[in-house]
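Taking it in order: structure first as structure tokens, then the write-up.
Computed from a prediction, not measured in an experiment: that's the story for all the values here. One-based numbering, in listed order, for ligands and for the atoms of each.
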Amino acid sequence: MLPNIKIILVETTHPGNIGAVARAMKNMGMNNLALVTPKTFPCAEATARASGADDVLAGAEVCASLPEALADCSLVFGASARSRTISWPEMTPRECADKLKIEALEQKVAIVFGRENSGLKNHELDLCRYLLRIPCNTAFSSLNLAAAVQVVCYELFVVSGQNDSVAYGDKRRRIPATTEQMELFYTHLEETLSAIDFTQPDQSRSVMRRLRRIYNRAALDSKEVDMLRGILRMAQGHKGKD
Ligand code: SAH
């Protein structure tokens with residue numbers, strides 16, 4: 001999905017912003033950048049701000065017009081901080097990412113960002129199917145260009161599934177317990193509670209229902225169930241020794 005998405009910057013004035021956009025994109029696993037008549041490019045300041053994403057800069061397509069940059073794209077979003085008098089269908093970056101999760105699998109998509117001082121012109125938005133607006137403080141709604149690209153690319157990265165391969169804490173090592181494991185655990189627990197005289201046969205059912213509720217909330221993993229059953233075995237063993 002991500003390789004099919006192109007970020008297009010229209011008439012960027014500050015080369016530092018172009019570098020910062022390249023960095024924001026590479027952080028999120030994206031590298032398709034097109035620049036429509038940038039004021040100064042290539043430029044040492046852009047390379048410095050890219051800090052390590054200079055490959056994205058080197059691969060950037062420089063185009064003479066927005067239609068040229070969009071030529072190979074079939075779905076186009078225009079990012080704008082401003083609501084327009086003529087209304088375009090609007091999406092948030094999250095809604096856009098949800099849509100592209102499927103649509104960008106088989107078609108090329110462009111997300112267009114405007115100039116630092118004046119954004120995108122209406123005739124440029126005419127080339128876009130959707131207007132992309134980052135929800136923010138309505139009294140101060142214009143983000144820095146690279147910050148806007150960062151927010152959008154982050155949402156795309158999240159839906160792309162690439163972050164599933166990044167291990168946060170021990171999340172990846174947890175294998176959730178299966179229903180079968182849980183049922184064996186509950187049977188074992190019920191037997192043990194009866195063996196240690198915690199429950200009488202007539203109470204067992206309601207106690208078990210409450211205990212199920214507790215363990216369900218805990219969303220146990222496989223190893224945790226093994227550990228709990230180890231405790232039950234020990235408890236039963238001790239009972240035997242009484
Ligand atoms: N002063 C300009 C905004 C320029 S910011 C204006 O009034 O339109 C540069 C670019 O960053 C914008 O053209 C837009 O593509 C993007 N951007 C900034 N803030 C945004 C927001 N809240 N939502 C969507 N895009 C935004």
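Residue R82 has at least one N or O atom closer than 3.5 Å to an N or O atom of ligand 1. When only interatomic distances are considered, the shortest N/O to N/O separation between F113 and ligand 1 does not fall below 3.5 Å.
Within the 4.0 Å heavy-atom criterion, the part of L132 lying near ligand 1 is the backbone and not the side chain. Contacts with ligand 1 closer than 4.0 Å are made by backbone heavy atoms (N, CA, C, O) of E116 only, the side chain lying farther away. Residue contacts with ligand 1, taken as heavy atom pairs separated by less than 4.0 Å, involve S80 solely via the backbone atoms N, CA, C and O.
Counting non-hydrogen atoms of neighbouring residues, nucleotides and ligands closer than 6.0 angstrom, the CD atom of E106 reaches no more than 12 such neighbours. Summarising the local packing, CZ of F41 is surrounded by more than 12 heavy atoms from other residues, nucleotides or ligands at distances under 6.0 Å. Summarising the local packing, CZ of R229 is surrounded by more than 12 heavy atoms from other residues, nucleotides or ligands at distances under 6.0 Å.
When only non-hydrogen protein atoms are considered, atom 20 (C) of ligand 1 lies nearest to A81 CB, 3.6 Å. Remark: minimum distance from atom 3 (C) of ligand 1 to any protein heavy atom is reached at S142 OG, 3.3 Å. Closest protein heavy atom to atom 9 (C) of ligand 1: R115 O, 3.5 Å. Scanning the protein for heavy atoms near atom 23 (N) of ligand 1, the closest one is I134 N, 2.9 Å. Considering only non-hydrogen protein atoms, atom 19 (N) of ligand 1 sits nearest to L143 N, 2.9 Å. Nearest protein neighbour of atom 2 (C) of ligand 1, counting heavy atoms only, is G119 N, 3.6 Å. The nearest heavy-atom contact from the protein to atom 1 (N) of ligand 1 is N117 O, 3.4 Å.
By the 4.5 Å heavy-atom criterion applied to side chains, R49 and H14 are not counted as neighbours.
Taking a cut-off of under 4.0 Å to the non-hydrogen atoms of R133, the atoms of ligand 1 that pass are 23 (N), 24 (C). Short contacts between ligand 1 and A148, defined as distances under 4.0 Å to a heavy atom of the residue, involve ligand atoms 11 (O), 16 (C), 17 (N), 18 (C), 26 (C).
Summarising the contacts of atom 22 (N) of ligand 1 with A79, G114, S141, S118, the nearest heavy atom is found in S141.
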(request) Starting from the C-alpha separation in whole Å, work towards a yes-or-no answer on side chain to side chain donor-acceptor pair (under 3.5 Å) for Q236 and H188. (result) CA-CA 10 Å; Q236 286 179 322; H188 195 167; 3.3 Å; yes
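With respect to the salt-bridge test (charged N to carboxylate O, under 4.0 angstrom), the residues K121 and E11 do not qualify.
Looking at V151, I111, V158, D98 one by one, the single match for side-chain contact (heavy atoms from CB on, under 4.5 Å) with P93 turns out to be V151.
Without hydrogens or angle criteria, E224 side chain to D221 main chain gives a donor-acceptor distance under 3.5 Å. Using a distance-only test at 3.5 Å, with no hydrogens or angles considered, a donor-acceptor pair links the side chain of S206 to the main chain of Q203.
Relative orientation of the Y130 and F77 rings is parallel, given thresholds of 30° and 60° on the angle between their planes.
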